[in-house]
Amino acid sequence: MTGQPTTAGDEGRGTTAPRPGAAIGRPLLPVLPGQPGRPDVFTFGETMVALRGSGPLRLGGTMNVSVAGAESNVAIGLARLGHHVHWAGAVGDDEAGQLVLRTLRAEGVEISGSATDPGAPTGLLLFEPRLPEVTRVHYYRAGSAGSRLTAEVIRRAFSAAPPRVLHLTGITPALSPTARSAARCALQLAREHGSLVCLDVNFRARLWTAEEATEILREWIPAVDVLIASDDELPLCLPGGGGGEGPPLALPPQEVVADDAAATVATQAGLLLDQGVGEIVVKLGAAGATASTRSGSLHRPAKTVRAVDAVGAGDAFVAGYLSALLDGEGPAGRLERAVTTGAFAVASPGDWEGAPTRSELGMLGAPPGTVVR
């Protein structure tokens, strides 16, 4: 399938209204039952060739070649856990694009909805480990095939087999007007087909400003069932939170505690529940994660592992959370699987390479030195 680049701008604006009959603070909608041929999850975005250096790039050295992209990381994580996942995106008509498609296909991810753009290259991502705990990332994605993803590509892929869950990130709309239109198209299709919508904010300051992100995220919030964000990303989802148009929502004075980050997160989550989101999941890094619904909030600490590479941990967390949601687990089970898959990512090099299979989920509880025979 070939996706031709277009110049469409805001096609589909205004299509992200809440589902008909949705009430403010609606409960999390049930995931549609599995059906033959219907994927558990549909996701899309830009996946790039990733080069990982052994040290400062200016000194040269060796580099490992792989692929990386937030949405495809989630897709691989879910596929390893036994779920049927459909990924759509655009790659260049080049060897790098073939590596992206080959990798996803090898990991069991459905790629029939992907597009090849002969007029643009596949994007490039360079990882530069600078300190044991600090990695610099360099993007070469301006004008890439992935940034030219169109709404028509998404419409064809989604409509061919409507999913139980649509997974979006805040990265795709930041790439270009056409990619933003593609995301809006997906939200409209999810509403039409009754798919649950999961949005991982995944704010990238190198791609767009906080003000731009706030404008789009605020538009999408009424259509979101599960919102996933880090604690510093959560304000971007509130009206005025990132400096967008319109006045900011005022926090209730009695709930503002200057030195209590947990209280601030809880208050912001409550405001988003009032905006219509069914569930808010906040990633807290080494402090674990929380999930908030109309029934209350729940916290799970992070799993203790030897940290090797934190890149991709957030995507692994999302994969674990959606996996448990698809399995019918409650908030406690969803958080438990999410912090487990996140820990696997932290304990392994690469964006997705360390993602566990379902049979491996219990390995974190094994004592040090355990040999699995």
Side-chain angles (χ1 to χ4, degrees), residues 25-28 70 73-74 77 165 167-171 196-205 210 213-214 216-218 220-242 248-249 251-252 255-304 310-325 329-343 345-346:
R26 67 180 181 270
L28 182 62
N73 292 344
V74 172
V165 174
H167 173 60
L168 294 170
T169 77
I171 297 174
L196 182 142
V197 175
C198 172
L199 170 63
D200 183 5
V201 173
N202 244 329
F203 176 67
R204 296 289 186 268
T214 296
I216 298 302
L217 294 171
R218 180 172 55 188
W220 289 5
I221 282 297
V224 173
D225 296 299
V226 179
L227 177 68
I228 302 179
S230 58
D231 53 347
D232 58 338
E233 291 171 336
L234 208 56
L236 297 175
C237 304
L238 298 170
L249 285 178
L251 300 180
E255 296 190 36
V256 176
V257 182
D259 296 324
D260 192 343
T264 299
V265 167
T267 299
Q268 292 170 341
L271 293 172
L272 286 164
L273 290 170
D274 289 341
Q275 293 292 300
V277 182
E279 182 163 335
I280 294 90
V281 183
V282 183
K283 298 175 287 187
L284 301 171
T290 64
S292 299
T293 67
R294 276 296 175 190
S295 300
S297 296
L298 186 66
H299 175 264
R300 277 290 180 273
K303 300 290 184 178
T304 301
V311 175
D315 301 328
F317 176 97
V318 173
Y321 200 87
L322 289 180
S323 171
L325 178 66
E329 296 282 350
R334 299 197 286 265
L335 280 178
E336 178 65 20
R337 190 173 300 178
V339 296
T340 298
T341 51
V346 171

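Legend: residues meeting salt bridge (charged side-chain N to carboxylate O under 4.0 Å, His left out) with Glu233, ordered by chain and number and at least two apart, are absent. Every residue meeting the side chain to side chain donor-acceptor pair (under 3.5 Å) condition with Ser297, not counting sequence neighbours, appears here in chain and number order: Ser292. When the side chain to side chain contact (heavy atoms under 4.5 Å, CB included) test is applied to Ala310, no partner is found at least two apart in sequence or on another chain. Under the rule for a side chain to side chain donor-acceptor pair (under 3.5 Å), the partners of Asn202 that lie at least two apart in sequence or sit in another chain are Asp200, Arg204. Take Ser323 and apply the side chain to side chain donor-acceptor pair (under 3.5 Å) test, not counting sequence neighbours, and it matches His83, Arg337. Shown here are the side chain to side chain contact (heavy atoms under 4.5 Å, CB included) partners of Ala343, two or more places apart in sequence or in another chain: Lys303, Val305, Leu364.
Annotation: the span from Leu335 atom CG to Thr340 atom OG1 amounts to 10.5 Å, rounded to 0.5 Å. Here the NE2 atom belonging to His167 is positioned 8.0 Å from the CG atom belonging to Leu199, to the nearest 0.5 angstrom.
Inter-residue side-chain proximity for Val74 and Thr169 is flagged as unmet; no heavy-atom pair is nearer than 4.5 Å. Arg294 has its side chain within reach of Asp274: a pair of non-hydrogen atoms, C-beta onward, lies under 4.5 Å apart. In this structure, Phe203 and Leu217 have side chains that are not in contact, with every pair of non-hydrogen atoms separated by 4.5 Å or more. You'll find the side chain of Val197 stays beyond 4.5 Å of the side chain of Trp220, heavy atoms only.
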